[in-house]
Amino acid sequence: MSDQTKAALSSNPTVVDDPYKRLEITLNPNGSLTRNPNRFPNTSATPDPDPTVPVLSKDVSINQTTHTWARVFLPRQKPLGTNKLPLIVYYHAGGFIHCSAASTIFHVFCSNMALELEAIVVSVDYRLAPEHRLPAAYDDAIEALLWIKTTQEEWLTQYANFTTCFVMGSSSGGNIAYHAGIRVAEEADGLRPWKIRGLILHQPFFGGSVKVESELRLVNDPVLPPGAGDLMWELALPIGADRDHEYCNPTTTKGTNLMEKIAAVGWKVLVTGCDGDPLIDRQVELVKSMEEMGVKVVSHFRMGEHHGVDFMQPDKANALFLVLKDFIASATSVTL
């Protein structure tokens with residue numbers, strides 16, 4: 001926990017739980033975690049469910065050595081003729097240490113997104129920290145993108161429009177989408193014939209060595225208190241790295257220089273957030289830095305709500321899906 005977080009807590013009468021208890025984890029002597037298996041229940045894929053289920057899903061292996069895989073979501077109402085669906089590659093949340101593509105909250109979120117956006121969603125399961133510290137998740141994210149280029153998975157080859165692809169993530173998954181985007185931008189031509197149109201950073205998880213106002217104001221946030229965020233970064237970053245490492249803080253000089261790679265390929269970037277999230281000031285700062293570096297970035301910040309609201313409360317995700325529809329339409333109209 002940072003000194004600023006400790007100072008904010010000492011001046012605030014509200015009692016904040018131990019971050020290990022808050023996250024329901026135990027750090028083992030060998031550096032691994034014991035996680036509460038009941039905190040995030042899983043849902044099985046439904047490749048051929050009852051006809052009343054509007055979205056099909058199936059699990060496919062990406063790398064048997066690293067045990068990475070993806071869950072593909074396909075609307076039951078498939079496109080007719082030569083029409084094909086936009087493709088969204090999605091990375092789930094969990095602070096780099098929790099959850100998987102099978103977690104019920106993300107299964108439901110991706111199912112609803114596929115249905116509402118009329119898109120195919122590929123939800124990537126990546127290795128977790130601290131057993132696999134960053135950049136392991138970034139490596140898995142890139143491998144998934146390259147897998148999509150070569151796969152013969154029929155749901156993708158038959159129904160996905162590979163010229164209308166988006167890389168998206170929520171919270172820590174938004175961080176992964178951002179860094180995967182930077183890496184793959186360097187070899188965008190090598191991904192052809194499929195084409196990335198933009199990045200969607202949904203309440204992305206970033207940080208820094210100095211606390212911003214929203215983190216101090218919401219130090220006792222019930223969903224993502226900064227103390228829990230501090231611990232997740234401690235467990236995820238390379239050993240010895242501080243909170244201004246480019247994986248954590250994209251607005252340092254080294255971080256902003258990396259943004260030039262996204263600007264160079266002309267992708268559009270959407271950053272979403274809400275002012276009830278301790279990370280909101282980080283996200284606003286990210287948008288400003290991108291604008292200064294010439295990135296085609298748009299933002300959508302709403303009042304109230306909290307971190308993770310769209311997958312924790314599925315009935316509230318429709319507002320996000322409307323924003324995504326407009327963004328996808330806008331990004332698709334741009335010639336790259």
Side-chain angles (χ1 to χ4, degrees), residues 43 45-47 49 52-58 70-93 101 103-124 144-145 148 153 155-171 173-174 176-177 180-181 194-204 267-274 296-300 302 305 308-334 336:
T43 293
T46 50
T52 60
V53 177
V55 177
L56 307 177
S57 59
K58 70 163 71 169
R71 179 163 294 183
V72 184
F73 296 83
L74 174 68
R76 178 176 284 278
Q77 190 66 39
K78 305 177 189 67
L80 300 175
T82 59
N83 294 324
K84 293 194 173 184
L85 301 175
L87 174 63
I88 299 173
V89 183
Y90 178 78
Y91 305 106
H92 65 78
S103 297
T104 299
I105 53 175
F106 301 116
H107 177 90
V108 172
F109 180 72
C110 289
S111 293
N112 291 341
M113 181 160 58
L115 181 65
E116 294 300 324
L117 301 185
E118 298 181 358
I120 295 177
V121 177
V122 176
S123 179
V124 178
L145 295 175
I148 289 172
E153 166 52 49
W155 284 7
L156 297 179
T157 58
Q158 291 185 25
Y159 302 114
N161 182 349
F162 288 103
T163 66
T164 309
C165 304
F166 295 85
V167 178
M168 175 181 177
S170 299
S171 189
I176 294 170
W194 77 290
K195 184 182 295 184
I196 295 175
R197 294 283 181 170
L199 307 181
I200 300 171
L201 311 182
H202 173 223
Q203 295 187 301
W267 297 340
K268 294 194 71 172
V269 179
L270 171 66
V271 180
T272 73
C274 62
K296 298 175 182 177
V297 60
V298 294
S299 60
H300 184 268
R302 57 191 182 188
E305 303 302 352
V309 61
D310 298 306
F311 48 81
M312 292 180 183
Q313 299 175 263
D315 58 317
K316 292 190 175 183
N318 285 337
L320 171 68
F321 295 150
L322 290 174
V323 173
L324 297 188
K325 279 185 180 180
D326 289 343
F327 176 75
I328 289 172
S330 173
T332 303
S333 66
V334 176
L336 296 179

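Minimum heavy-atom separation, D310 to A317: O-CB, 3.5 Å. For the pair V55 and T46, the tightest heavy-atom approach, listed with the atom from each and the gap, is O-OG1, 3.9 Å. Pairing each heavy atom of A160 with each of I120, the nearest pair is N-CD1, 3.6 Å. Contact record, P204 with T272: CD-O, 3.7 Å, taken as the closest heavy-atom pair. Residue T164 comes nearest to R197 through the heavy atom pair CA-CG, 4.0 Å, listed as atom of the first residue, atom of the second, then distance. Taking all atoms of both residues into account, the shortest heavy-atom contact from K84 to T157 is NZ-O, 3.0 Å.
In this structure E153 satisfies the salt bridge (charged side-chain N to carboxylate O under 4.0 Å, His left out) test together with K58, sequence neighbours excluded. Legend: residues meeting salt bridge (charged side-chain N to carboxylate O under 4.0 Å, His left out) with R76, ordered by chain and number and at least two apart, are absent. Residues meeting the salt bridge (charged side-chain N to carboxylate O under 4.0 Å, His left out) test with K316, sequence neighbours left out: E305.
Here CG of L199 is found 11.5 Å from CE of M168. Values are rounded to the nearest 0.5 Å. For the atom pair Y91 OH and S123 OG, the distance stands at 10.0 Å (nearest 0.5 Å). With rounding to the nearest 0.5 angstrom, the CH2 atom of W155 is 6.0 Å from the OG atom of S57. Rounded to the nearest 0.5 Å, atoms OG (S333) and CD1 (I328) are 12.0 Å apart. Here CZ of F311 is found 11.5 Å from CE of M113. Values are rounded to the nearest 0.5 Å. Considering NZ of K195 and SG of C165, their distance stands at 10.0 Å, rounded to 0.5 Å.
Of the possible donor and acceptor atoms, one in the side chain of K325 sits under 3.5 Å from a partner among the backbone N and O of E116. A donor-acceptor contact shorter than 3.5 Å is absent between the side chain of K268 and the backbone of I200. Checking side-chain atoms of T332 against main-chain N and O of A329 turns up no donor-acceptor pair under 3.5 Å. Judged by distance alone, with hydrogens and angles left aside, the side-chain atoms of W267 form a donor-acceptor pair with the main-chain N or O of I196 at under 3.5 Å.
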Passes side-chain contact (heavy atoms from CB on, under 4.5 Å), I88 versus L324? Steps please. CA-CA 11 Å; I88 299 173; L324 297 188; 5.7 Å; no
After noting the C-alpha distance and the side-chain angles of F162 and L156, does the key distance pass the side-chain contact (heavy atoms from CB on, under 4.5 Å) rule? CA-CA 9 Å; F162 288 103; L156 297 179; 3.9 Å; yes
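A heavy-atom distance below 4.5 Å is not found between the side chains of N318 and L322. Taking 4.5 Å as the limit, some side-chain heavy atom of L85 sits within range of a side-chain heavy atom of L74. Residues P75 and E118 are not in side-chain contact: their nearest non-hydrogen atoms beyond the backbone lie 4.5 Å or more apart.
Centroid-to-centroid, the aromatic rings of F109 and Y90 come within less than 6.0 Å.
Within a 6.0 Å radius of CD in Q313, other residues, nucleotides and ligands contribute more than 12 heavy atoms.
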